[in-house]
Amino acid sequence: MGVSPSSGLRGWTRGVAPLALAVAVLSVLQLGLNAWDSYADGQAALGAEVFRPDFLVYLSSLVAVNVVLTVSLNIVNGMTGQFSIGHAGFMAVGAYIAGKLSFEVKELAISGLPHAVSDQVLFTLSLLAGGAAAALCGFLVGLPSLRLKGDYLAIVTLGFGEIIRVVVQNTPALGAALGISGIPQHSSLFMVWLWVFITVLAARRIANSSHGRSLWAIREDEVAAEAMGVNTTGYKVRSFVVSSFFAGIAGGLFAHFVPIINPGSFTFVKSMEVVVMVVAGGLGSTTGAILAAVMLTLLPEGLRSLFLAVGGGDASLAQKVDQVRMPVYGVLLVVLMLVRPQGLFGTKEIWDVLPKWLPRLPRAPNSPPARGKEAA
Amino acid sequence: MSAGELLLRAEKCSIEFGGLRALEDFDLEIRRGDLKGLIGPNGAGKTTAFNLLTGVYRPSSGNILVGGQRVNGLQPHQINRLGLARTFQNIRLFKGLCAVDNVRVACLAESTPLISKERLEPLRKRGGVSAAVANALDATNNYYDWWRALLLTPGFQQEERDLASKAERLLEVMGLSHRRDEEARNLPYGEQRRLEIARALGTRPKVLLLDEPAAGMNTREKADLMALIRQLRDRFSLGILVIEHDMKLVMGICEEITVLDHGETIARDTPEKVRNDPKVIEAYLGEPYRISDPREARP
Ligand SMILES: Nc1ncnc2c1ncn2[C@@H]1O[C@H](COP(=O)(O)OP(=O)(O)OP(=O)(O)O)[C@@H](O)[C@H]1O
Ligand SMILES: [Mg+2]
């Protein structure tokens, strides 16, 4: 299951180094982007037209949100073997809580800090609040339904997603059906990808820890896991809470780069989209989830842009493409089940399926070995 | 006969499945160092007895005590934590996990909780609000443990290393070190049975319940298993209860044998006496076994 690039490190460094590295790399990227922006501004003042990467940043943010959603859902559906189909509901909780909070405090600034920094601090706080609210919902939804054997979780999460949507739709304070616009656009390339990194790191570390092994065990044989002293209900609930937290974070990020959030963004269709991504990537494979999320986000966006170009800017064709998205997902899911039921990578990670002649990273001393050969 | 500390005791346990009395007034005592057998024809209720003891089913009447504590209604993982581990008749390994991971799941970490168990227990005993607070604190402990995994704290890394080496040791004891990285489903049958025992040992049991550990093994493997079971009892000072259809094995290693038939205990005695008990012969052993007994066959 695991190779960790930081396998040579010891003590606290091993835990913190990857994050520090990610912050450094993303900061450089963000600063580069900012520099380009001010250069473009300068050129524009001189009357020259310069390429602006705004759309690319937006697209990459969409990708990032979907990666966070998919990787987090994979913890429940993939590693633990439970079936949640209401991830959009938890995303909505995060989006509305974080969005509303930011909206309320957008005139405020923390004294003593530069505006930009203060904005980011407040943004982070609302994100965490959104994540915490989603995690709390996850606990309340998970505790009763995960106690029971069988597919109650699917039914309950489905219901939860719909309830959240209907509640929002009928709450004027949350913009009802129209949604909230004017949420400060604090999101940045740095922030979304930092959260992607945190989510992936968390998922991988869970998978490689004793907690993760308990989750795998529950997925493999719940009765045996229970008999071996694994508190199956507790583990299931905890994995569900962690998963919900990250769904909330994804929602919070989403709310800070789209111009408007409304209930239409968090429907059952969105939940299914995430499920399809998890299944396509391979239930239990984090890298598979990432790859599937990236591909299945870019594909429709790419097609939309293509049809916009072909139709000469006529949006109706592109809209049609958007409408066939769901049936296409359905067909894709069926084909996948027939052709490759274990998904892209099965339970393995990308480095387990790379060709043998590629150089390998050294294995972490106490990380478990690859989970054997997959029955081809 | 046995003088070790009393580890497990069943008192008049019964259970019904929709009118079928699968087990009736079942009594049992396992002390440290005991090696006892449970036999009987198919459908006699042997596995059901294991399921009762380990908390898979709740007895409809009777008591089960583990180390003096009544465990009726506790969940299987709680009973396991009290020192009762088992294997399954129809092997239930974590098939997709490799051998060492199977054992590592069972070797739950001895983590140092944020709030120690000693401080929580008295709170819990007081009941009412205090118990609720204790449960909440316990939950906090669990989430704190996940944080340690997420941050890869030095303490957590150390625990993981201890866990891994413990699992390796158990694999070695069961002679499975060479299968370390093999997926459980790919092991030969006999090794799967041994891996199940290794996994059960990972939970640090006081009592080990083995459900037909020799099923599907060849004669040599069975002989090895007999030696191994004895060795495990001595090395880990366990009490062991074995269900087994192979009479040579049961009679060979057990000091006391309980015979079930239609849920009722029809005999409980030394192998010698059980073997010659007419009721047992009629219900289970039959004549052929008597004849095949070496001493009886001798003219
Ligand atoms: N969950 C259940 N629901 C209904 N009946 C059950 C259940 N579990 C066991 N039984 C019944 O209880 C009886 C005893 O079953 P048990 O599995 O304990 O037999 P056993 O002694 O282990 O037999 P074997 O030697 O074949 O393993 C059988 O008649 C079985 O059909
Ligand atoms: Mg049985």
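So you know, we letter chains A, B, ... as the sequences are listed, proteins then strands, and number each from 1. Computation of the quantities below employed the complete heavy-atom set of this structure, encompassing side-chain atoms and omitting hydrogens, waters and symmetry-equivalent molecules.
Using a 30° and 60° split on the angle between ring planes, B:W146 and A:H211 fall in the parallel class, below 30°.
Using a 4.0 Å cut-off between charged side-chain N and carboxylate O, A:E222 and B:R92 make no salt bridge.
Neither the backbone nor the side chain of A:I218 comes within contact range of chain B, judged by heavy atoms closer than 4.5 Å. For B:A85, no part lies under 4.5 angstrom from a heavy atom of chain A.
Applying the side-chain contact (heavy atoms from CB on, under 4.5 Å) criterion to A:A203, with sequence neighbours excluded, gives A:V71, A:I75, A:M79, A:T286.
Between atom CD of residue B:Q75 and atom CG of residue A:N231 there is a gap of 6.5 Å, rounded to the nearest 0.5 Å. Within the model, atoms CG of B:D101 and CH2 of A:W216 stand 10.0 Å from one another, a figure rounded to the nearest 0.5 Å. Note that CD1 of B:I91 is 12.0 Å distant from CG of A:D221, once rounded to the nearest 0.5 Å. With values rounded to the nearest 0.5 angstrom, A:E226 atom CD is found 8.0 Å from B:Q78 atom CD. With rounding to the nearest 0.5 angstrom, the CE atom of A:M228 is 9.0 Å from the CG atom of B:L93.
Taking every heavy atom of both residues into account, B:L150 and A:R205 meet most closely at O-NH1, 2.7 Å. Shortest non-hydrogen contact noted between B:F94 and A:A224 is CE2-CB, 3.8 Å.
Among B:N80, B:V56, B:T203, the residue making the largest number of heavy-atom pairs under 4.5 Å with chain A is B:N80. Listed options B:K95, B:R86, B:R199 were ranked by heavy-atom pairs under 4.5 angstrom with chain A; first place goes to B:R199.
Residues of residues 236-244 of chain A placed with any heavy atom under 4.5 Å of a heavy atom in chain B are listed by number as A:V237, A:R238, A:S239, A:V241, A:V242.
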Test A:W12 against B:L152 for side chain to side chain contact (heavy atoms under 4.5 Å, CB included), laying out the working first.
CA-CA 7 Å; A:W12 278 101; B:L152 270 189; over 6 Å; no
Audit row: A:V230, B:H77, side chain to side chain contact (heavy atoms under 4.5 Å, CB included) steps and yes/no:
CA-CA 6 Å; A:V230 176; B:H77 73 265; 5.7 Å; no
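Enclosure of atom NZ in B:K166 by more than 12 non-hydrogen atoms of other residues, nucleotides or ligands within 6.0 angstrom is indicated.
Under the 3.5 Å distance criterion, with hydrogens and angles disregarded, no donor-acceptor pair is assigned to the side chains of B:E160 and A:S209.
Contact of the B:L163 side chain with the A:R213 side chain is registered, since non-hydrogen atoms from C-beta on lie closer than 4.5 Å. Taking 4.5 Å as the limit, every side-chain heavy atom of A:Y235 sits out of range of all side-chain heavy atoms of B:N142.
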